[in-house]
Enquirer: 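Submitted below is the structure of interest, expressed as structure tokens.
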Amino acid sequence: MATSWVNSAERIGADLHLAVEGPGGRRAALIRALREAVRSGRLAPGTRLPPYRSLAADLGVARNTVADAYAELVAEGWLTARQGSGTRVAERAEPLRHAERTPVEAPPRARGPRHDLRQGTPDASSFPRAAWLASYRRAIQQAPNEVFGPGDPTGRRELREALTEYLARARGVRTEPDRIVICSGFAHALRLLFTPAFTPAFTSTSVPTSVPTSAPGSGVLRGPLAVEAYGLDFHRELLAAAGVRTTPLPLDADGARVEQLGRERAVLLTPAHQFPTGGPLHASRRTAVIDWARARGGVLVEDDYDGEFRYDRKPVGAVQGLDPERVIYVGSVSKSLSPALRLGWLVLPERYVGGVLAAKGEREAWASVPDQLALADLIASGAYDRHVRRMRQRYRGRRDRLVEALAAHAPHVEVTGVAAGLHAVLRLPPGTERSTVRAAARQGVALDGLAAFRHPATDMAPQDGLVVGYATPSEHAYGAALDALCRALPATEHAAGSPAYG
Ligand SMILES: Cc1ncc(COP(=O)(O)O)c(C=O)c1O
């Protein structure tokens, strides 16, 4: 007999998977399976076992087989049988269980760096647990039953409405709920835009969507795609895996040199805060890229990954507001709340909505629908704004401490890209980046140099610098991380940083 499931959940407290198989007949196999369940702790001391009849029915064996197995295990001391309280796992099975578990215990956790100054993650200790729970509770209490069925791939209307209002107010995005498609974050948005349409593996008549059919084999957008000469390597790799060729645009002090856009039909930019160098795209370049898109029938994919975190008084809105028909605006909660939530949004020109929905498939398969409702509530209740304001102050404080530490201990090192975001760039003399990253590692500091983000095909002069993420260390560990960083920086006499373009 093969593996069976015990379904007597009310009696045993939970389903229990028993592998009743192997040599010696069913009785011997059941004894082995129960013994293993007690020994491994899957059946805890004191747990009441199901009556013979129901376990026999679940496993498809004779009642006597179960009765004999129980009797044998009682005789061995694994189980106890008492009139009126049925058959239970013996209390004294506990020490044996622990002793025998030792060999399969998880290996010790790999230790991370002592000081994590890699860019990328927000301060995980500041996740607004209470506000999220309150929003989640309200969302679940008020949710209609359909929320717990298969989800519409467009995303919940409540969230799309909340985002329409929020993005207009906070980022200058001009849209309406029907132009927004919910996704799991920027990386997912790139996949939806550039990989061939997903062909659903199932058909369903119960999903209330109007997913248009699109020719499989063609993405919503096609390469080559112009990208910034320095950018997130992960996104470049993702595009390469989808067969999309990327062409690098050089950067200068005003951001990407969009006047060099050539035959591409799409360009990917981080206009609010160039990633990773840190400057905003100059106003003249913002209009230039829109002019290019209008003239060439092209489109800008705008990655607004940390647009909320601006510390100077100059607000930098989304380029999308200049021409909503020429920009695909993408945002997510990965910096503002947590990259673990996997929630993001595409704000689309009308002509792309159908294609993106076709790429997503017939049902929502990426973004949890209850989580979408919780986020909608968080935004609509004002708690999201409060959290962003609180985090902006906290990150500004961290940024100030970094700048002060450098002024005190390494005044020769120029720091750039500090007007916004969760990371800064420390400019280094040419040829010193690799040795400084290694020196940092010796001080227990994990961080990346600019080279990690450089497009392999760019002919831009190499820039030496450290990308310092200041959001990740806990509050009490941040000072020590800064001290360790300063110890790793090159000495004064060699310091004449590369020309800054951020
Ligand atoms: C440049 C850039 N874009 C986008 C994102 C957001 O990615 P995702 O929404 O897939 O977590 C990040 C990381 O948070 C990033 O560094």
Side-chain angles (χ1 to χ4, degrees), residues 116-124 126-127 155 159 163 167 171 180-195 225-239 241-242 246 248-249 251 255-256 267-281 300-310 316 318-320 327-347 356 359-360 366-368 371-372 375 384 388 391 395 417 420-425 447-448 450 452-455 467-472 502:
D116 191 353
L117 293 180
R118 285 171 294 196
Q119 67 72 37
T121 24
D123 175 4
S126 298
F127 183 78
L159 179 55
L163 283 169
L167 293 174
R171 305 295 306 125
I180 297 181
V181 175
I182 301 304
C183 61
S184 78
F186 187 80
H188 184 211
L190 272 189
R191 288 192 175 97
L192 291 174
L193 291 172
F194 287 98
T195 47
L225 169 73
V227 297
E228 292 153 324
Y230 283 80
L232 199 60
D233 46 344
F234 171 63
H235 292 160
R236 279 198 303 268
E237 284 158 17
L238 189 154
L239 288 160
T246 55
L249 284 176
L251 300 165
V267 55
L268 166 60
L269 299 177
T270 48
H273 187 223
Q274 203 286 320
F275 182 88
T277 62
L281 187 67
L300 161 65
V301 179
E302 178 170 19
D303 177 1
D304 198 29
Y305 66 104
D306 66 1
E308 282 112 337
F309 296 112
R310 184 118 215 130
V316 178
V319 177
Q320 193 268 4
V327 181
I328 295 174
Y329 171 93
V330 187
S332 78
V333 298
S334 292
K335 298 281 196 212
S336 58
L337 283 172
S338 160
L341 285 178
R342 304 317 303 152
L343 276 177
W345 42 89
L346 294 110
V347 177
V356 168
K360 255 192 109 178
W366 284 272
S368 148
D371 283 4
Q372 292 182 35
L375 180 60
Y384 185 78
V388 167
M391 294 315 295
Y395 294 142
L422 280 55
H423 69 271
V425 175
L447 43 60
D448 288 306
L450 275 175
F453 304 100
R454 183 179 167 84
H455 195 293
V467 182
V468 178
Y470 45 78
T472 307

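The residues of the chain are indexed from 1 along the displayed sequence. Just so you know, these numbers use all the heavy atoms, side chains as well, and skip hydrogens, waters and symmetry mates. Start at 1 and go down the list; that is how both ligands and their atoms are numbered.
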Enquirer: Measure His188 to ligand 1 on non-hydrogen atoms and call it side chain, backbone, both or neither using the 4.0 Å cut-off.
Expert: neither

Enquirer: Number the atoms of ligand 1 from 1 as they appear, then name those within less than 4.0 Å of a heavy atom of His235, with their elements.
Expert: 2 (C), 3 (N), 4 (C)

Enquirer: Identify the heavy atoms of Tyr329 and Gln320 that sit nearest to each other, and give their distance.
Expert: CB-CG, 3.8 Å

Enquirer: For atom 5 (C) of ligand 1, what's the nearest protein heavy atom and its distance?
Expert: Tyr305 CB, 3.8 Å

Enquirer: Would you say the side-chain atoms of Tyr395 pair up with the backbone N or O of Asp123, donor to acceptor, closer than 3.5 Å?
Expert: yes

Enquirer: To the nearest 0.5 Å, how far apart are NE2 in His235 and CG in Leu190?
Expert: 5.5 Å

Enquirer: Could you tell me which atoms of ligand 1, counted from 1 in the order shown, lie closer than 4.0 angstrom to a heavy atom of Ser332?
Expert: 9 (O)

Enquirer: Please list, chain by chain and in numerical order, all residues satisfying side-chain hydrogen bond (donor to acceptor under 3.5 Å, both in side chains) with Thr246, sequence neighbours excluded.
Expert: His455

Enquirer: Can you tell me how the ring of His273 sits relative to the ring of Tyr305, calling it parallel under 30°, perpendicular over 60° and tilted otherwise?
Expert: parallel

Enquirer: As an exercise, identify every atom of ligand 1 less than 4.0 angstrom from a heavy atom of Asp303.
Expert: 1 (C), 2 (C), 3 (N), 4 (C)

Enquirer: Just to verify, what does Asp448 make a side-chain hydrogen bond (donor to acceptor under 3.5 Å, both in side chains) with, not counting sequence neighbours?
Expert: none

Enquirer: Provide, to 0.1 Å, the distance between atom 11 (O) of ligand 1 and the closest protein heavy atom, together with that atom's residue and name.
Expert: Ser334 OG, 2.6 Å

Enquirer: Side chain of Lys335, backbone of Gly307: donor and acceptor closer than 3.5 Å?
Expert: no

Enquirer: Please classify the Phe186 to ligand 1 contact at 4.0 Å (heavy-atom distances, strictly less than): side chain, backbone, both or neither.
Expert: both

Enquirer: Is the shortest N/O to N/O distance between Phe275 and ligand 1 below 3.5 Å?
Expert: no

Enquirer: Atom 13 (C) of ligand 1: which protein heavy atom is closest, and how many Å away?
Expert: Lys335 NZ, 3.7 Å

